[in-house]
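Each chain gets a letter, A, B and so on, in the order the sequences are listed, and its residues count up from 1.
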2 protein chains.
Amino acid sequence: MGYNVAVVGATGAVGTQLLQILGERRFPLAGLRLLASPRSAGLEVEMAGRKHTVEAISAEAFDGVQLAFFAASTGVSRDWVPVARQRGAVVIDKSNAFRLDPTVPLVVPEVNAHALSDHHGIIASPNCSTIQLVVVLEVIERISPLRLVVVSTYQSVSGTGRRAMEELRENWQALAAGRSPLASVYPHPIGCNVLPHIDSFERSGYSLEEMKLVNETRKILNRQDLQVIATAVRVPVMIGHAESVYVETDELVPADMLRRQMERKPGIVVEDDPDRARYPLPALAAGQDKVYVGRLRNDLFGRNGLAFWVVADNLRKGAATNAVQIAEELVERDLI
Amino acid sequence: MGYNVAVVGATGAVGTQLLQILGERRFPLAGLRLLASPRSAGLEVEMAGRKHTVEAISAEAFDGVQLAFFAASTGVSRDWVPVARQRGAVVIDKSNAFRLDPTVPLVVPEVNAHALSDHHGIIASPNCSTIQLVVVLEVIERISPLRLVVVSTYQSVSGTGRRAMEELRENWQALAAGRSPLASVYPHPIGCNVLPHIDSFERSGYSLEEMKLVNETRKILNRQDLQVIATAVRVPVMIGHAESVYVETDELVPADMLRRQMERKPGIVVEDDPDRARYPLPALAAGQDKVYVGRLRNDLFGRNGLAFWVVADNLRKGAATNAVQIAEELVERDLI
């Protein structure tokens, strides 16, 4: 009993994690095809102790595939998701290609698994920075409707991909040797710097990454009126995104009450004892599948405001784990 | 024509910058005494090509001193500022000891130089993260009163001092060699991490650094009612603090209009062409004396909101340069 699964982008930063997590969580596989650009074809990738050879992506490669994970670029998804659909696969897409398509559910299982029942063959997994945010926002929204969300991100270089991770490593070597770090993936050296620049910019002055936080949060929480102000910033961290968040709600949500509610949520770990230096950290979240939240406190002025700090592994919960959780929900709900 | 000046904490991260900036800006010196803990006594420090020997701090060391800069810990200022005052020196204090004392002006010269005329022998220079924030907020407040300020900081390790800078350097060496970075100054390794923890925590859940942003901003802008929500975060950057700021004002302040007003302010450099990857960066602000602002944009929802990104060298404009500018104003206004 298992499914024929394809993974597109199997050699990338997220694709590699996806294979590992499918193994860790013992996803029921009948067959596995690893697809990538012709450049990567022929590479061998190990998963759960077995070697798989990467194939160049083609229409025929999707024959017999029941479930296809897309963990490549938006362009690859635009070109190949329709092909995979034609060949009968249900697609879980990690790219930005279909996230705002009204016929495509955009799902974080802890938050809106119910949206899966409407799927028409494509399910989108949100952007990394959105996933960890909505997991926390949903708990607040259930207590009192959100009126305002202000989020500033501290995003690791692994969100950009393998070459950016290599660039940070090279930057560390330069800095350790007293040389100036260089930039090629990023427009400025990242090693001893922070860049308020993720993805390209819209005419409004907001970056696409910032607009993803606005639009995806609205869709997932089913709150098209929600006012989200985002600033997306890259920091010299390898894995793990952090977010400083301030929200206002219709009614006061006391931090203590929220902390207790969050402690009951399976997807959330509350780390909140700052006096003992306990709060979420990218270095500790890396390699984990939960969303870590701490530094919870109300505003001091009676605004019905709450500030908090949320961290997750952007390659795992922010990408691969969320996609596999979607697949598990599809199986459980008999929706493949 | 010059002043007898003492610098307390002359061997520290800020003290060293202070000496350099007094030289760069040709502050009129008649004499210069470098004071530090007995541990540093006897060290030689060069300033403008001349060597000065560091003396252990004592009451007599202030005899004949007209102007004393304190660039040491809050404890040193609490103990020794009253002594310096008794011996007749006017004190510019960089520490937290007197900032909220109602008899002590807290001054950023571009913002509230007028407050100097009230001084009673002690002038406080604000915390680094406050200085760069209020330089921008003042321009907005002049156009329309601020209703809300939400700030998340990205603060460099030099704000902690020399030992933290050494720790980051060691962390880079470890990371470059594939070893785990260690922590001794910070409670967690900083090299590949971000820590939402600067200074100790109050019962409210806010850190002292966050409360400085609240209380000092209120005092400098003379707006005791101003609602400031701050999250202070340490990032693995050597020099230069960045801040992601969202404000709301009584009336709409269009980003374009604000940009033009800021371009006219001598203390501010507007770097705001994100399409060409131009925005303020710690790596570019390091070694400079201005406050850099960019990523200016209005909110998308008609909230009279503005988001922006502000960066400055925390050792220079955030500390030493601001203190020297205060001294220059005192000289110009004949207030020493």
Contact class of Val194(B) relative to chain A, heavy atoms under 4.5 angstrom: both
Neighbour count >12 (heavy atoms, 6.0 Å) for atom CG, Asp273(A): yes
Aromatic ring pairing Tyr154(B)/Tyr154(A), orientation class (parallel under 30°, perpendicular over 60°, tilted between): parallel
When Val228(A), Val237(A), Asn193(A), Val235(A) are compared by non-hydrogen pairs under 4.5 Å with chain B, the top option: Asn193(A)
Separation of Gln173(A) CD from Leu175(B) CG (nearest 0.5 Å): 10.5 Å
Leading residue by heavy atom contact count with chain B [cutoff under 4.5 Å; candidates Asp225(A), Leu284(A), Ile239(A), Thr153(A)]: Thr153(A)
Minimal non-hydrogen separation, Gln227(B) against Arg303(A), with atom names: OE1-NH1, 2.7 Å
Per-residue contact mode, Asp272(B) against chain A (heavy atom under 4.5 angstrom): neither
Taking every non-hydrogen atom, the tightest pair across Tyr206(B) and Asn298(A): OH-O, 2.7 Å
Backbone N/O of Ala277(A) and side chain of His188(B): donor-acceptor pair under 3.5 Å: yes
Side-chain touch Glu248(B)/Leu148(A), heavy atoms, less than 4.5 angstrom: yes
Proximity breakdown for Ser180(A) and chain B, heavy-atom pairs closer than 4.5 Å: neither
Phe301(B) side chain near Ile229(A) side chain, heavy-atom distance below 4.5 Å: yes
Heavy atoms from other residues, nucleotides or ligands near CD of Glu251(A) exceed 12 (cutoff 6.0 Å): no
Side chain, backbone, both or neither of Ile190(B) within contact of chain A (heavy atoms, under 4.5 Å): neither
Intermediate values then yes/no, side chain to side chain contact (heavy atoms under 4.5 Å, CB included), Asn171(B) and Trp172(A): CA-CA 9 Å; Asn171(B) 275 199; Trp172(A) 284 337; over 6 Å; no
When Pro187(A), Gly191(A), Pro236(A), Ala177(A) are compared by non-hydrogen pairs under 4.5 Å with chain B, the top option: Pro236(A)
Options Val214(A), Asp275(A), Leu296(A), ranked by heavy-atom pairs under 4.5 Å with chain B, top entry: Asp275(A)
Proximity breakdown for Glu210(B) and chain A, heavy-atom pairs closer than 4.5 Å: side chain
Side chain proximity check, Val233(B) to Trp309(A), heavy atoms < 4.5 angstrom: yes
Top contributor to chain B interface from Ala307(A), Gly205(A), Pro274(A) [non-hydrogen pairs under 4.5 Å]: Pro274(A)
Which portion of Pro280(B) sits near chain A, non-hydrogen atoms under 4.5 angstrom: backbone
Toward chain A, the part of Arg169(B) with a non-hydrogen atom under 4.5 Å: neither
Side chain, backbone, both or neither of Val311(B) within contact of chain A (heavy atoms, under 4.5 Å): neither
Region of Ala230(B) in contact with chain A, defined by heavy-atom distances below 4.5 Å: backbone
Best-contacting candidate, Ser152(A), Ser200(A), Pro189(A), Ser207(A), against chain B by heavy atom pairs under 4.5 angstrom: Ser152(A)
Geometric class of the Phe201(B)/Tyr279(A) ring pair [parallel <30°, tilted 30-60°, perpendicular >60°]: tilted
For Leu281(B) against Pro196(A), the heavy-atom pair lying closest together: CD2-CD, 4.0 Å
Arg297(B) with Glu202(A): basic N within carboxylate O range, under 4.0 Å: no
